[in-house]
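Structure first, commentary second.
Quick caveat, the model's predicted, so the values are computed rather than measured. Just so you know, residue 1 is the first one in the sequence shown, and it goes up from there.
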Amino acid sequence: ASASLLVQKNITSLPNVVLVERAELEKIIDEQGLNKSGVVSQDSAVSAGQLVGAKLIVTGSIFKVSGTTNLVAKLMSTETSKVVAVSASGTDSLDAIAQRLSTALATAIDQKAESLLPPVLKEDDVVSALNAKFGSAKRPKIFLDCKEHHVSKAIIDPAIETELKFVLGGTGFEVVGSQSDADVLIKGEGVSETTLKRGEFVATKARVELTATDVKSGKLIASDRQVSIGLDAAESIASKQALENATSRLILRILTKLVK
């Protein structure tokens with residue numbers, strides 16, 4: 001227990017870090033039926049972390065060999081499955097060894113967290129990447145047909161279509177108001193659902209599917225899907241965030257198949 005408390009203390013002192021305690025994760029694991037064996041596994045911890053929007057999970061173990069106490073901690077990304085391990089050992093007190101481990105872990109979070117996580121896709125980054133790839137190539141005219149649904153309540157101002165229009169407009173695609181005037185039909189379907197409410201935070205999970213079809217021939221050009229998570233104090237904002245994140249990643253892949 002003392003080792004765990006020292007790790008928590010050092011992590012919470014880091015800027016831009018919000019800590020979800022083990023007791024909270026275990027409660028979520030029980031509520032979601034993730035615990036099948038009675039022991040919290042690495043997979044169930046990662047799944048619970050995803051539900052609360054946690055980017056990183058810390059697990060640890062302690063063992064003794066020939067009078068030397070060893071503490072090992074793993075820092076895992078819930079999105080990429082990448083792992084960084086840190087350790088501390090010694091024959092002095094457990095508190096002293098735990099202090100060294102927690103210092104090493106805090107350093108790893110501060111210095112290596114970025115390498116564990118997937119690159120953050122900002123709207124401007126997506127637009128810049130597509131413009132660089134397409135250059136002066138001709139863009140087809142696009143007609144959008146998007147539907148989305150939030151399970152617990154209706155949310156105004158569709159997030160999928162708004163995100164698509166932003167990216168398409170920024171990359172030189174013309175979005176037309178009639179399917180008959182378009183070269184390509186992009187259909188989008190999205191669903192989001194609140195997965196967790198804890199304190200001031202609401203976590204939502206969304207799945208978005210996009211298909212691109214040649215209007216004249218009816219031929220399917222591209223079809224893809226993406227799951228993402230949103231976290232905010234407001235349920236409606238968390239839902240939009242999850243849908244926008246999924247759409248942003250999807251459209252980057254879809255549009256590359258529309259421009260020759």
Side-chain angles (χ1 to χ4, degrees), residues 1-121 195-205 227-231 242 245 249:
S2 60
S4 177
L5 289 173
L6 279 170
V7 169
Q8 289 181 34
K9 179 182 177 182
N10 274 25
I11 291 177
T12 52
S13 67
L14 292 172
N16 303 319
V17 171
V18 177
L19 182 67
V20 180
E21 296 184 4
R22 178 187 175 90
E24 286 295 303
L25 282 181
E26 289 180 339
K27 188 173 183 179
I28 296 161
I29 288 169
D30 290 339
E31 289 175 353
Q32 300 294 321
L34 298 173
N35 191 350
K36 306 298 184 184
S37 64
V39 178
V40 178
S41 68
Q42 176 175 311
D43 288 344
S44 61
V46 168
S47 296
Q50 291 174 339
L51 288 174
V52 298
K55 303 294 185 181
L56 299 170
I57 294 286
V58 177
T59 63
S61 60
I62 179 172
F63 58 95
K64 206 165 188 175
V65 179
S66 301
T68 298
T69 301
N70 301 273
L71 298 180
V72 179
K74 290 183 179 179
L75 182 64
M76 300 178 292
S77 167
T78 60
E79 298 174 278
T80 66
S81 299
K82 292 180 180 179
V83 178
V84 168
V86 295
S87 63
S89 60
T91 56
D92 46 348
S93 69
L94 179 60
D95 285 352
I97 301 170
Q99 179 62 57
R100 294 197 293 274
L101 177 73
S102 62
T103 300
L105 185 58
T107 300
I109 292 174
D110 187 43
Q111 297 181 356
K112 298 182 179 181
E114 189 173 331
S115 66
L116 294 174
L117 300 173
V120 177
L121 278 181
T195 56
L196 181 73
K197 293 182 179 180
R198 281 288 181 273
E200 63 183 54
F201 289 107
V202 178
T204 64
K205 193 170 187 177
V227 174
S228 189
I229 291 172
L231 184 66
N245 289 344
R249 291 183 179 277

Pairing residues for [X] by the side-chain contact (heavy atoms from CB on, under 4.5 Å) criterion, not counting sequence neighbours:
| X | answer |
| --- | --- |
| Thr91 | Thr68 |
| Thr69 | Ile62, Lys64, Leu94, Ile97 |
| Ala106 | Asn10, Leu14 |

Over all atoms of both residues, closest heavy-atom pair of [X] and [Y]:
| X | Y | value |
| --- | --- | --- |
| Ser77 | Leu56 | CA-CD2, 3.9 Å |
| Ser89 | Arg100 | O-NH2, 3.0 Å |
| Val84 | Ala108 | CG1-CB, 4.5 Å |
| Ser228 | Ala242 | CB-O, 3.5 Å |

Atom CD1 in Ile57, atom NZ in Lys74: separation rounded to 0.5 Å?
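Reported value, rounded in 0.5 Å steps: 13.5 Å.
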Quick check: do Ile109 and Leu75 have side-chain heavy atoms less than 4.5 Å from each other?
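Sidechains of Leu75 and Ile109: in contact.
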